[in-house]
*Asks:* 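Before I ask anything, let me first share the structure, which is written out below as C-alpha cells.
Owing to the predicted nature of the structure, the values given are computational and were not obtained by experimental measurement.
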Amino acid sequence: MSLFKARDWWSTVLGEKEEFDQGCLCLADVDNTGNGQDKIIVGSFMGYLRIFHPHPVKTGDGAQAEDLLLEVHLRDPILQVEVGKFVSGTETLHLAVLHSRKLCVYSVSGTMGNVEHGNQYQIKLMYEHNLQRTACNMTYGSFGGVKGRDLICIQSMDGMLMVFEQESYAFGRFLPGSLLPGPLAYSSRTDSFITVSSCRQVESYKYQVLAFATDADKRQESEQQKLGSGKRLVVDWTLNIGEQALDICIMSFNQSTSSVFVLGERNFFCLKDNGQIQFMKKLDCSPSCFLPYCSVSEGTVNTLIGNHNSMLHVYQDVTLKWASQLPHVPVAVRVGSLHELKGVIVTLSDDGHLQCSYLGTDPSLFQAPKVESRELNYDALDTELKELQKIIKDVNKSQGVWSLTEREDDLKISVVVSLNLDSVSQAPDVAAGTDLVPSATVKVTLQNRVALQKAKLSVYVQRPLVLSCDQFTFEFMAPETTRTAAFSVYLKGSYAPPELEGNAVVSYSRPTGIPRVIQCKFRLPLKLICLPGQPSKIASHKLTIDTNKPPVSLLSLFPGFASQSEEDQVNVMGFHFTGGSQVTLLASKTSQRYRIQSEQFEDLWLITNELLLRLQEYFEKQGIKDFACSFSGSMPLQEYFELIDHHFELRLNGEKLEELLSERAVQFRAIQRRLLTRFKDKTPAPLQHLDTLLDGTYKWVIALADAVEENEGSLLRAFARLRSATHLVILLIGLWQKLSADQVAILEAAFLPLQHDTQELGWEETVDAAVSHLLKTCLSKSSKEQALSLSSELARPKDTSRLKKHIALLCDRLAKGGRLCLSTDAAAPPTMVMPGGCTPIPESDLEERAVEHDSPEPFTSHKHLVAETPTPEASPLQGVSE
C-alpha cells in the first residue's frame, strides 16, 4: 500500500453516462439536524439531484442503499447547488438549485421511520425564479451587510449579474466589456463581487456600486435614473493574471483581513482584498479544482489542488506539504464532517465517481511468510550467470538492433503498377464517356512472416496526382498471410507533376512491441499525364543529350506514343501533356544525340528523365553495361531564374493579400460591434450609413478571400513547375560534371528540401541556406570561408538576387573541379585540386567585378551563365535530315 495514496473511506458511482462539473457538489447540514454532520448534495447535467449521508461499517465500504437519502429527477440540467438562508422569515438552511433558465429553492426535511427501512426524506419547492437569460453560475452571501439571510447573485452567459433578495428580484447589471462569463465569488468583508473577465484580469465590483448603477433592464427609460440614481458601473480594482481562471474562493480569517484565491490554468494566485498579489505558485500539472482552508500555523493557509494527473496536492502557502493519488480526475473537491469524522475530503469526477477519502497512513498488518531454506546449487548458478552474461554481451554488440535478415523477414512489401490504363477512368469528376483524365491501377501486396498488430499502409504521390484511397489499415495480420490493397491514381489539375514516382509506407509493431516502418517506391506510367502528339519544329527551349552508343529507335523506347504505320516518326516523336503543353523528342540518325524541345522549360524534365531511364533499361536488356550520357551545352540558368522569380513574386503577392484581408476583417468586426451597440440600444438612433459600410466591407472581404485562394492555387502550380525545373537542372549538372550518385543526392537534398511550400518557410530561403553551406564547406576556397557562420534563422529574403548569385557560383565552382562531399575531412581546402583555385562568394558588386576579371575559366562571369542558351545544331530537326 502506497503512503502517498488517498485512503478510500466511502465511494460510489452516480448514474450511467451522467456528466458533472465543479458547481455540482456541495456539503452542508441541509436538513437542519443540528448535530454537526454534513450531507453530500450532488446535481448532474442530466437533471438528477442526490443527497447522501454515508456511514460505512468499515473503511473502504461501497455505498449502501440507506446512504442515499434522496434522489429526484428535476428534468432540467443542474448547473450549481448551494445551501444557505434563502427563505425569508426563517434562518434555517435551504437548498438552491440553479438551472439554465430557472432558479429553484427547496426545503429538505426528513420523517422518522417506524420500521427498519429508516427515515424518509423529501424536498418541497419554496419558490422559483424564471430567468430571462441563460445562467452560467451563481454565488450567495449577505449582500449589503444584511443580517440573518442570504441573497443570491446569478451571472448570465452574456455577462449580466442578476441579484435576488430571496423571493423577489432586485436588479440586474451588465458587467462592462464582458464577452465570456468567468468564475464568480462574493467577499463579505469588502461587500464586493469578484470575477475574472475574458481579458484575463481579476475584477472587483462593490455591491453598492452595482445597486446604484443604471439598471440593465430599464436603461434610459426612467427620468429618475437620468437625474441622479443612474450611475456608470465602475470597477473597484483589477489585476491582470495573464490566463483564464478555473475557480475563485474567498477566505476570511478574521474581521480585519481576507484573501482572494484564484486558480488559473497554470498558476495559483493569492490576492489581498485590495487586489495586490500576496503570493503565487506556478503549478507543475494542469489543475482541475481547488479548495483553500484554514491552516494550523499562524498566518498561513492550506490549499487542496486537484490536477488532471489524478493527484491531490496539499500546499501551505506555496510549499507542497503532501501529495496523494486519486482513482479519478476530480472536478470538484470539498471538505466536511461525515459520521463523526472531521476533515473528510469529498471529490467528484466529471463522469460521476464520488469518493470520501482521508490522508495519512494505515498500520500494515501483513507479515511476509518465511521462505523455506534450501541448499544452493552453485554450479547451476554459475551456468545461469554465464548464459545471462552472454545475452548481455550480444545485446551490447548489436546495440539493441536486430539482424537485417530478421528485420526483412517480418514484412515484405511489393508494388505492381498496371501498364495499361483503366478502361473506365476512376477519376470522380470525369464525365461519363470521356477519357480526358485517365487513371491507372496500383496494387500493393503485403506478406508477413509473424503476427502483426495495426499495420497501416500510407501511399504518397506528387500533386496534382491524386489517389482514390491513400490510407489502408489492417487491424490484425495472422502469420504467413498475404494482404493486397488496390487503388487508382489520376491527375487532378492542369499542370504536370514534378515526379512520377510514388512511395508506399507501412508502419507496424513487431510482436515484441518495437515499432517498425518499411517502404517501397514505385513508378507511374507516362501515359497517365500525357498523350501522343504532333512533333513541333518551333520551340523556345531545347536540350541536347549526348550518349556513347548508337541512337535507338524511339518507337522501341516509347511504343505507346507513336503510330506504327508512320515510318517517318522513327526518329521524332511528340508528346502532349494533359495541361496542354507540347514536347518534341528527336533522335539523330548519324550522331549519338537526342534533343528535347518544348515551349515550356519545366516540361522538358519528365520527358528527359523518362528518355534516360528507358535508354538505361534498353541497354541493360541488351547486356551493355558501359552506357553513359553527358551534357555539353550551356546551363539554362536564365530560364531557371525566371521560374524562381515567378514563384517568389507569388509568395510576396500572397503575403500582401493576407495582410489586406486581415485589415479588412478587423474593420468588418469593428463595424459589427458598432451596429450591435446601436441595435441593443432601446432608443432608436440613425445608423449613419454603417449598414452600407458593412455591406461594402463584406464584399471586399469576400473578394480578398477569393484572391487569396486563387493566389494559393497559382502558388501550388508555380511550386510544381519550379520543382520540375530544379530536377532538370540537377540532372544536367550531374551529366555535365559526371557526378556520382552520392553527389547528385547532395544536390537534391540542397535544392529539393521541401515537399510543400508555405509562407512561414519557403523554398527560396531554405535553398539559399543549403547552397551557402555547400559553398562555405566542401566548395570553399579557403579555411577563412569555412569559419564564416551561417544565420540560424530562416527568414523570407527581400528578393532573389542573392539566391541566384549563389546558384551561379555553385555551377562556377563545380566547373572548376569542385567536389561535393558532406564529410569534414573532404571539405578541407587541400583536397580541392583545381587550376586557378576557387572563386569566393561575392558579397558586393565591387567584389563580384573583381572576380569576373580574375577568372580565366569558361564560366568567367555570371552574365554568361544567365545568357540565352545557344542552339548546338543548325536546325531544330537536323537529326532527322542527317
*Asks:* With sequence neighbours excluded, what pairs up with Tyr495 under the ring-ring contact (aromatic ring centres under 6.0 Å, His included) test?
*Replies:*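 Once residues adjacent in sequence are excluded, Tyr495 has no partner under the ring-ring contact (aromatic ring centres under 6.0 Å, His included) criterion.
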*Asks:* Check whether the side chains of Glu203 and Tyr205 place a donor and an acceptor atom closer than 3.5 Å, and report yes or no.
*Replies:*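 Glu203 vs Tyr205: donor-acceptor pair found between side chains.
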*Asks:* Is it the case that the side chain of Thr195 and the backbone of Pro183 share a donor-acceptor pair, with hydrogens and angles ignored and the cut-off at 3.5 Å?
*Replies:*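 Pair found, side chain donor or acceptor close to backbone of Pro183.
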*Asks:* Are the side chains of Ile538 and Gln597 in touch, meaning some heavy atoms are under 4.5 Å apart?
*Replies:*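 No, too far: nothing below the 4.5 Å cut-off.
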*Asks:* Mind checking what makes side-chain hydrogen bond (donor to acceptor under 3.5 Å, both in side chains) contact with His308, not counting sequence neighbours?
*Replies:*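 side-chain hydrogen bond (donor to acceptor under 3.5 Å, both in side chains) check on His308 returns nothing, list empty.
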*Asks:* Can you see whether Asp422 engages Ser439 through a side-chain donor-acceptor pair at a distance of less than 3.5 angstrom?
*Replies:*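 A donor-acceptor contact under 3.5 Å links the two side chains.
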*Asks:* Going by side-chain hydrogen bond (donor to acceptor under 3.5 Å, both in side chains), name the residues that satisfy it together with Ser714, two or more places apart in sequence or in a different chain.
*Replies:*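 Residues passing side-chain hydrogen bond (donor to acceptor under 3.5 Å, both in side chains) with Ser714: Arg717.
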*Asks:* Donor-acceptor pairs under 3.5 Å, side chain of residues 706-713 to any protein atom, not counting sequence neighbours: which ones?
*Replies:*
unit_1 : atom_1 : unit_2 : atom_2 : d
Asn711 : OD1    : Asn653 : ND2    : 3.1
Asn711 : ND2    : Leu650 : O      : 3.2

*Asks:* Taking NZ, NE, NH1 and NH2 as the nitrogens, is one of them in Arg664 or Glu659 under 4.0 Å from a carboxylate oxygen of the other?
*Replies:*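 Here Arg664 does not pair with Glu659 in a salt bridge, since their nearest N and O are not under 4.0 Å apart.
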*Asks:* Looking at residues at least two apart in the chain, or sitting in another chain, which of them share a side-chain hydrogen bond (donor to acceptor under 3.5 Å, both in side chains) with Ser458?
*Replies:*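 Here the qualifying residues are Gln471.
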*Asks:* Run the side-chain hydrogen bond (donor to acceptor under 3.5 Å, both in side chains) test against Glu649 and tell me which residues pass, sequence neighbours left out.
*Replies:*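 None.
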*Asks:* For the side chain of Glu639 and the backbone of His541, is there at least one donor-acceptor N/O pair under 3.5 Å apart?
*Replies:*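 The answer is no, because no donor-acceptor pair under 3.5 Å joins these two groups.
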*Asks:* Side-chain contact, heavy-atom cut-off 4.5 Å: Val442 with Val489?
*Replies:*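 Yes, at least one pair of side-chain atoms sits under 4.5 Å.
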*Asks:* In terms of ring plane angle, is the pair Trp605 and His727 parallel, tilted or perpendicular, where the classes change at 30° and 60°?
*Replies:*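 Rings of Trp605 and His727: parallel, as their planes differ by under 30°.
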*Asks:* Is it the case that the side chains of His647 and Glu764 hold a donor-acceptor pair, with the cut-off being a distance below 3.5 Å and no angle test?
*Replies:*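 Present: a donor and an acceptor within the cut-off.
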*Asks:* Spell out, as yes or no, whether a donor-acceptor pair under 3.5 Å connects the side chain of Thr578 to the backbone of Ile529.
*Replies:*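 Yes, Thr578 side chain to Ile529 backbone: donor-acceptor pair under 3.5 Å.
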